[in-house]
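Below is one structure, written out as structure tokens, with a few remarks after it.
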Amino acid sequence: MTTDFRTPALDALAQEIIPDDHFEFSAATARDRFFADTRMLDVKQWVHNAFRTNPTSMLGHMLGNLALTGSEDLLDLGCGNGFILEHLRPHLAEGSITGLDVAPAVLAAAAKRLHGTATPCTWIEGSADDLSMLGADTFDRVMANYMIHYVPDLNRCFAEVRRVLRPGGIFQLTTDRTDSMLEMYQVHFTALKEMGAPQDLFKATPKGRLSLANGTPQLQQHFEHVEVVTWQDQLRFTDPEPFLTFYTVGHNHCCASSEPDERLSEDFFRELREHVRTQVTEAIAANGYFAVTKYTGSFLCR
Ligand SMILES: C[S@@+](CC[C@H](N)C(=O)[O-])C[C@H]1O[C@@H](n2cnc3c(N)ncnc32)[C@H](O)[C@@H]1O
């Protein structure tokens, strides 16, 4: 089974439909709206895992990157509900875990998830660009998975990671290309066009702020060696409903419902979902499934 899901046709489509302009959200929006509870993360983690076709999971990709021997001290910036940490923990039986997140609700969920395990865990509520509570040369591994686009001061964050990372340690920063999950954006933008929606909704994912495609120069200002390890997958849906949940709850209608907007009523989003559902249903009827191709990966910095 191939794990290279990108085709020239998808690359051409990306050129055509993914805008250069991208959404931007503050850490406060992340804390108070997206991650005020674990719903968004729960839906994403369920769908990414249950509907994948790459036999190697994202967690397998990370384990390969991190090359853990079992005794490392690991810091996870923006650890969310601890889904990734739970899976890495058995590989850190003699080590330690420190999880940091700006959102208390998801941090509490992470603490609950790992409570009582044999690996010592510390939980810190804070922002990834202020690690002043942590000493220099304290960690063998630092991770920042799918969170860097929320961090207010990227330069300060990377300088702080460099400071707390021991010599020989690895910083793994995982993010997407802006054309990851292209098919979701295609049905979304088509629906917006059909409805004559406001032009400023046609924006790419907030990950455009530091994506897999543009992040290397920023990281090279702080780390001597920066390597990109890509990982692709294709989610396949044979029923439109799980995709609709992923699109609505997991991605706030490709960010259109991320923040209050008086132009956009509940009726607007109901109609938007109907336009999206129709396209997904047609794709399933034509091809047997609706595909969402992921183009993601990690920067490994030393
Ligand atoms: C999409 S989730 C990723 C969670 C986890 N890393 C994963 O991949 O499953 C983004 C996380 O970053 C956190 N976050 C947002 N801004 C942050 C900041 N400035 N510092 C630390 N965490 C932040 C959010 O609260 C949320 O838990």
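In listed order, ligands and their atoms are each counted from 1.
- A side chain to side chain donor-acceptor pair (under 3.5 Å) check over residues 92-110, counting only residues at least two apart or in different chains, returns the pairs Asp73-Ser96.
- Side-chain atoms of Gln234 and Gln232, non-hydrogen and from C-beta on, never get closer than 4.5 Å to each other.
- Partners of Thr29 under the side chain to side chain contact (heavy atoms under 4.5 Å, CB included) rule, at least two apart in sequence or in another chain, are Phe25, Ser26, Arg33, Phe34, Glu259.
- A salt bridge links Asp179 with Arg177: the distance from a Lys NZ or Arg NE/NH1/NH2 to an Asp or Glu carboxylate oxygen falls below 4.0 Å.
- Note that CD1 of Ile170 and CZ of Arg141 are 4.0 Å apart. Values are rounded to the nearest 0.5 Å.
- Within 4.0 Å of ligand 1, protein heavy atoms come from Ala27, Ala30, Phe35, Leu41, Gln45, Gly78, Cys79, Gly80, Ile84, Leu100, Asp101, Val102, Ala103, Val106, Gly126, Ser127, Ala128, Asn145, Tyr146, Met147, Tyr150, Val151, Pro152.
- Here Arg263 pairs with Pro198, Asp200, Leu201, Asp261 under the side chain to side chain contact (heavy atoms under 4.5 Å, CB included) rule; sequence neighbours left out.
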